[in-house]
Amino acid sequence: MNLLFSKAEFVKSITDVSQKPQEKLPEAAFAGRSNVGKSSLLNALFNRKKLVKTSSTPGKTQLLNYFLVNERYYFVDLPGYGYAKTPKAVSAKWGKMIEKYILQSQELKFVCLLIDSRHKLMQADEQMSDWLNFNSIPYIVILTKVDKLTKNQLAKQRRIFETTFPDHHVLPFSVNSIEYKQALAELIYNMIK
Ligand SMILES: Nc1nc2c(ncn2[C@@H]2O[C@H](COP(=O)(O)OP(=O)(O)OP(=O)(O)O)[C@@H](O)[C@H]2O)c(=O)[nH]1
Ligand SMILES: [Mg+2]
């Protein structure tokens with residue numbers, strides 16, 4: 001059982017990087033398309049069912065949500081992007097909010113970029129990873145919901161994404177897999193400390 005991040009508490013929600021918590025600690029941020037499983041992944045890492053709000057309807061997370069972990073660092077749950085039904089003005093606002101946070105948060109160590117393991121790289125994922133590359137932001141790639149794939153499908157998708165991101169860690173993930181949860185927790189633990 002993963003106990004690396006078992007001490008976690010919600011700190012605050014912000015809309016602008018200027019509202020960050022007073023205490024400065026290293027941060028990891030969780031980004032990805034709406035509904036990809038960011039908030040669920042955080043609950044899984046925390047071994048909590050409902051600390052982070054999740055939903056089967058895209059667009060659940062609308063603010064930058066800070067969680068204090070082990071009293072030593074923050075995990076930041078970001079709103080999703082790329083959901084077609086979100087009004088353009090709203091998604092533009094969220095996009096700006098995310099970009100500004102990533103560029104201006106001095107304490108941000110790296111981004112966890114979540115991508116749905118079932119599909120090809122979507123345009124929104126590509127835009128985000130290009131933007132991270134362009135701005136030299138360190139990131140790891142997490143392929144979510146792998147419980148929906150067969151072993152063969154997963155092996156194939158992993159090869160595709162490892163080819164797409166040759167210079168980045170690419171990890172499979174499912175909220176149901178203790179093994180994948182542990183491997184991801186260990187990587188994040190080593191990267192953030
Ligand atoms: N099968 C499966 N479903 C998952 C997994 N992780 C998340 N989901 C489901 O995917 C849906 C979206 O999960 P969220 O964690 O709310 O996704 P999010 O990326 O935070 O979404 P937004 O906040 O809207 O951007 C929910 O119905 C979850 O139950 C997983 O590992 N496996
Ligand atoms: Mg969310």
Side-chain angles (χ1 to χ4, degrees), residues 1-2 5 8-15 27-67 69 74-102 110-119 121-129 131-132 139-151 153-155 157-158 161 170-185 187-188:
M1 172 139 116
N2 158 47
F5 302 128
E9 60 186 273
F10 174 71
V11 181
K12 70 187 297 198
S13 298
I14 66 169
T15 54
E27 294 172 16
F30 295 77
R33 295 175 65 244
S34 279
N35 216 42
V36 70
K38 299 173 291 296
S39 301
S40 303
L41 177 141
L42 285 171
N43 278 330
L45 288 180
F46 299 154
N47 284 309
R48 297 277 288 271
K49 286 217 157 58
K50 288 185 184 155
L51 182 62
V52 193
K53 292 195 188 82
T54 65
S55 168
S56 55
T57 315
K60 179 69 187 172
T61 309
Q62 310 198 350
L63 302 164
L64 311 177
N65 295 318
Y66 269 78
F67 296 87
V69 186
Y74 296 117
F75 288 1
V76 186
D77 189 22
L78 300 177
Y81 43 75
Y83 179 52
K85 286 189 183 158
T86 307
K88 279 243 157 54
V90 175
S91 56
K93 195 174 87 185
W94 292 355
K96 285 261 171 316
M97 191 161 89
I98 295 167
E99 285 184 14
K100 190 175 175 206
Y101 161 74
I102 291 176
F110 60 96
V111 171
C112 294
L113 178 59
L114 279 66
I115 298 177
D116 194 316
S117 65
R118 294 169 294 178
H119 310 299
L121 193 70
M122 304 256 190
Q123 199 188 11
D125 299 321
E126 198 173 355
Q127 279 173 357
M128 188 61 176
S129 56
W131 184 84
L132 292 169
Y139 63 93
I140 65 171
V141 175
I142 303 172
L143 306 178
T144 63
K145 307 189 188 184
V146 300
D147 52 282
K148 302 237 186 188
L149 296 178
T150 65
K151 247 185 159 176
Q153 286 170 329
L154 174 57
Q157 289 298 85
R158 281 180 81 163
F161 282 105
V170 177
L171 283 86
F173 187 81
S174 160
V175 291
N176 302 326
S177 163
I178 293 171
E179 246 186 344
Y180 292 147
K181 210 159 79 169
Q182 186 66 27
L184 175 64
L187 179 64
I188 294 176

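Start at 1 and go down the list; that is how both ligands and their atoms are numbered.
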(message) Yes or no: does G32 have any heavy atom under 4.0 Å from an atom of ligand 1?
(response)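 Heavy atoms of G32 never come under 4.0 Å of ligand 1.
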Please list the nearest protein heavy atom to [atom] with its residue and the distance rounded to 0.1 Å.
{"atom": "atom 32 (N) of ligand 1", "answer": "D147 OD1, 2.7 Å"}
{"atom": "atom 31 (O) of ligand 1", "answer": "V175 N, 2.9 Å"}
{"atom": "atom 23 (O) of ligand 1", "answer": "T61 OG1, 2.8 Å"}
{"atom": "atom 16 (O) of ligand 1", "answer": "S55 N, 3.0 Å"}
{"atom": "atom 17 (O) of ligand 1", "answer": "G37 N, 3.2 Å"}
{"atom": "atom 24 (O) of ligand 1", "answer": "G59 N, 2.7 Å"}

(message) I want to confirm something. Looking only at heavy atoms, which of P79, S56, A44, S40 is nearest to atom 14 (P) of ligand 1?
(response)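 It is S40 that holds the nearest heavy atom.
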(request) Pick, from Q62, K38, K145, the option with the minimum heavy-atom distance to atom 5 (C) of ligand 1. (result)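 When every heavy atom of Q62, K38, K145 is considered, K145 comes closest to atom 5 (C) of ligand 1.
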Give the atom numbers and elements of ligand 1 that come within less than 4.0 Å of a heavy atom of [X].
{"X": "S34", "value": "25 (O)"}
{"X": "G80", "value": "25 (O)"}
{"X": "S174", "value": "31 (O)"}

(request) Could you check whether the rings of Y101 and Y66 sit parallel, tilted or perpendicular, using 30° and 60° as the cut-offs? (result)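 The arrangement is perpendicular - the two ring planes meet at more than 60°.
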Quick check: does [X] get an N/O under 3.5 Å from an N/O on ligand 1?
{"X": "V36", "answer": "yes"}
{"X": "S39", "answer": "yes"}
{"X": "L78", "answer": "no"}
{"X": "N35", "answer": "yes"}

Determine whether a donor-acceptor pair (N or O, by modelled atom type, separation under 3.5 Å) exists between the side chain of [X] and the backbone of [Y].
{"X": "N43", "Y": "K49", "result": "yes"}
{"X": "Q157", "Y": "H119", "result": "yes"}
{"X": "S13", "Y": "L64", "result": "no"}
{"X": "T54", "Y": "S40", "result": "no"}
{"X": "K145", "Y": "R118", "result": "no"}

Are the side chains of [X] and [Y] in touch, meaning some heavy atoms are under 4.5 Å apart?
{"X": "V52", "Y": "F30", "answer": "no"}
{"X": "W94", "Y": "L78", "answer": "no"}
{"X": "K53", "Y": "N65", "answer": "no"}

For [X], does the [atom1] atom sit with more than 12 other heavy atoms under 6.0 Å from it, leaving out its own atoms?
{"X": "K96", "atom1": "NZ", "value": "no"}
{"X": "R48", "atom1": "CZ", "value": "no"}
{"X": "K93", "atom1": "NZ", "value": "no"}

(request) Measure from the ring center of F67 to the ring center of F10 and say whether it is less than 6.0 Å. (result)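 Ring-ring flag for F67/F10: true, centres closer than 6.0 Å.
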(message) Restricting to non-hydrogen atoms, name the atom on F5 and the atom on L45 that form the minimum distance, rounded to 0.1 Å.
(response)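 So the minimum-distance heavy-atom pair works out to CB-O, 3.7 Å.
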(request) Give me the protein N, O or S atoms that fall under 2.8 Å of the Mg ion (ligand 2), sorted by chain and residue number. (result)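 Metal shell, protein only: S39 OG, T61 OG1.
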(request) Check each heavy atom of K148 against ligand 1 and say whether those closer than 4.0 Å belong to the side chain, the backbone, both or neither. (result)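 Looking at K148 and ligand 1, just side chain atoms fall under 4.0 Å.
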